[in-house]
2 protein chains.
Amino acid sequence: MRRKVTLKQIAKELDVSISTVSKSLRDSSEISEDTRQKVQAFAKLYNYKPNNIALSLKNRKSKTICIIIPEIIHHFFATVISGVEHVANENGYNVIVCLSDESFDKEVINMEMLANGSIDGFIMSLSKETQQKRDFHHITEVISQGMPVVMFDRITNDILCDKVIIDDNLAAFNATQFLIDKGFKKIALLTTVDYVSVGKLRTEGYIKALKTNDLKVDENLIVKIEDTDNFEDQIENLILNNDLDAIFAVNEIFAVTAIKVATRLGKSVPNDVSVIGFTDGIISKYSSPSITTVSQNGVKMGEKAARMLLEKLEIEEEDYEEQYKTEVIETELVERESTK
Amino acid sequence: MRRKVTLKQIAKELDVSISTVSKSLRDSSEISEDTRQKVQAFAKLYNYKPNNIALSLKNRKSKTICIIIPEIIHHFFATVISGVEHVANENGYNVIVCLSDESFDKEVINMEMLANGSIDGFIMSLSKETQQKRDFHHITEVISQGMPVVMFDRITNDILCDKVIIDDNLAAFNATQFLIDKGFKKIALLTTVDYVSVGKLRTEGYIKALKTNDLKVDENLIVKIEDTDNFEDQIENLILNNDLDAIFAVNEIFAVTAIKVATRLGKSVPNDVSVIGFTDGIISKYSSPSITTVSQNGVKMGEKAARMLLEKLEIEEEDYEEQYKTEVIETELVERESTK
DNA sequence: TATGTCACCGAAAACGTTTTCGTGTTGAAA
DNA sequence: TTTCAACACGAAAACGTTTTCGGTGACATA
């Protein structure tokens, strides 16, 4: 087990100074051809690689960014990470992944832990708890220290920073309109509680579509699901007590569960009830029937967020001007078997 | 935008030495009650936090580990990350996630990039290409430098290090035996090409089960899928040309696709054909019919791998002895609707 | 011979910590 | 008054780099 070799060791071995070694390896013109070759040969032999930590300390940048997400097992977030990772890697950055587990405290701890030199910037999507508490001091804190933050998907308007979102409102509107165009009149909505920003926006889009088409908004058809572990009963009641045409669900799980419950209750999807979901994940693709859904391209969001962050990181301090953008990623309606 | 405050700045401001500040903050008994309180108050006011990079350099450890996986959008790998992340976080470690995209080169680049002080150890699952090339020099390299490596799931016996696996052979045997016990005789296998270690082992388990029960192994019933993007035809041929009882698939995608193709061909699952999968992901759970599957607990694997790595990291250099363990995580057969 | 110009190299600072060791001051004991 | 311990603090090294600045010797020019 031989430890990594350092400049100092090479210098000692070759009986030159550390500076000479460093310069030789960086092909400085100050060094004679002779010594340069000697040093480079030696370095190669011992497989010298500069110590990243030392470089980080010296340069005051770590070439590492952090992405904080509520859950990694959600396919959407996994795709976002994938996008972030690729852009970061292409530009010589590493990615630290932190999971908040939808907890405010974990989000705070993670940020504080890393905001001390370990990383150069954050990409994040808020935890449910944070959205509920509306406490963003940990984020304003790091921003005020000059660390760039890019928020995506679950964002807040209370914070000034770069953002990457989809137009949740419009996407929901379009999805609902799609159902209306098919001639459906009694369209139910499976959504989240209001403090989840995207859930709220999608609910608004749904309502807007109904109103635009002079359809009455029936509160009985709007089911707000809080407990994501056990909500089949809610859906069952919805279906039993209303004579539904169609269901619009704000995520994949809600959609696939709706299909399952409907099928169990003897309703055929899409013949009796059409179902449309949100997020084009593996469930929508592989479910039977496969699910018509609003595709929000996570990879693209991740790539965009990463690019925005790196851009901020690469500009010189002096030129820094606080100007924040909000990028909207296009959504797309993927038509599959669950609608007719 | 106020930059982070350093010991030096505090020292200057309070007109004491850097050492005094450092000691005060660490509650050293060398410092008088008076100055200590003064320093601590000032530090709190300015929200002082020690610079992690400087600490890393000093301590020669970064309190960061890296997990390298082939793909993050595979649910199984996401769950492993989740397990790793939690254990790491509990112990004050951060996790850098690297994706090899099944590419040998990316795997090598990632490892070389991080093995220079940035991280304290690796957790990894081999890329397909690496398994195919059987070139592991990048891994032996970092191990020989004294950096601990824990491999999981896709491992190789050519490398000596800690490993976390499931008994793929046994799990496949049990799954096949489960089908045999139900009375099925013509059991097909949907598997990967042989160089994927887990695919090969699962194939062996399947064959072993057949032989143990004196069933003949029909090569026509074994479909090795290379192109994971387009293999429906292969399955269709399998079903059309053979009078199958049951299908054992070595992953979720193969299983759900088999069900889809069978259904399309007019075969009912599970009434005409029973299907059993591998990996208890969201597909198996939400597909209709839901899929009976071998559950390999990714979270547990991740946790175990992280614990093994941290254990190696926490022991003192002197006590270090090269002794490697291979931990086997229990699998479980989750019975659902796709078998009868 | 004195001066200047290169080519080549080394010392040292800097990044932000922690820790060892040394030093000056105080008060009490001899 | 001297001695010694205890106390409180500072200087400096160390982690591994990069870079600025200065210095030395050789050689050419005046």
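Lettering of chains follows the sequences in order, A, B, ..., and the numbering in each one begins at 1. Note that the structure is a prediction, hence the values are computed from the model and not measured. Heavy atoms only: backbone and side chains are in, while hydrogens, waters and symmetry mates are out.
- Of the residues in residues 26-44 of chain B, B/Arg26, B/Glu30 come within less than 4.0 Å of DNA chain C through at least one heavy atom, sorted by number.
- Using a 4.0 Å cut-off between charged nitrogen and carboxylate oxygen, A/Lys128 and A/Glu107 do not count as a salt-bridge pair.
- B/Leu55 comes within 4.0 angstrom of the backbone, heavy atoms only, and of no base.
- Backbone-only engagement by A/Thr6 is indicated by non-hydrogen atom pairs under 4.0 Å involving sugar-phosphate atoms exclusively.
- Residue B/Asp15 is the one, among B/Asp15 and A/Asn51, whose nearest nucleotide of DNA chain D lies closer to the 5' end (criterion: closest heavy atom).
- Across every non-hydrogen atom of B/Val149 and B/Cys161, the tightest pair is O-CB, 3.4 Å.
- The local environment of CG in A/Asp27 is crowded, with over 12 non-hydrogen atoms from other residues, nucleotides or ligands closer than 6.0 Å.
- A/Ser22 and A/Ser19 share no side-chain donor-acceptor pair at under 3.5 Å.
- Side-chain contact annotation: A/Asn51 with A/Lys4, donor-acceptor N/O pair under 3.5 Å absent.
- Projected onto DNA chain D by closest heavy-atom contact, A/Lys58 and B/Lys23 fall at different nucleotides, the more 5' of which corresponds to B/Lys23.
- Annotation for A/Leu126 and A/Arg154: closest pair O-NH1, 2.8 Å, computed over non-hydrogen atoms.
- At a cut-off of 3.5 Å, with distance as the only test, a side-chain donor of A/Ser127 or A/Thr130 sits close to an acceptor on the other residue.
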(Q) Applying salt bridge (charged side-chain N to carboxylate O under 4.0 Å, His left out) to B/Arg307 and B/Glu303, what does each step give before you reach the verdict? (A) CA-CA 6 Å; B/Arg307 261 190 267 277; B/Glu303 287 173 351; 3.8 Å; yes

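- Toward the 5′ end of DNA chain C lies the nearest nucleotide of A/Ser19, the other residue of the pair A/Ala54 and A/Ser19 mapping further downstream.
- First and last contacts of DNA chain C with chain B, using any nucleotide atom under 4.0 Å from a protein heavy atom and ordered 5' to 3', fall at C/dC15 to C/dC21.
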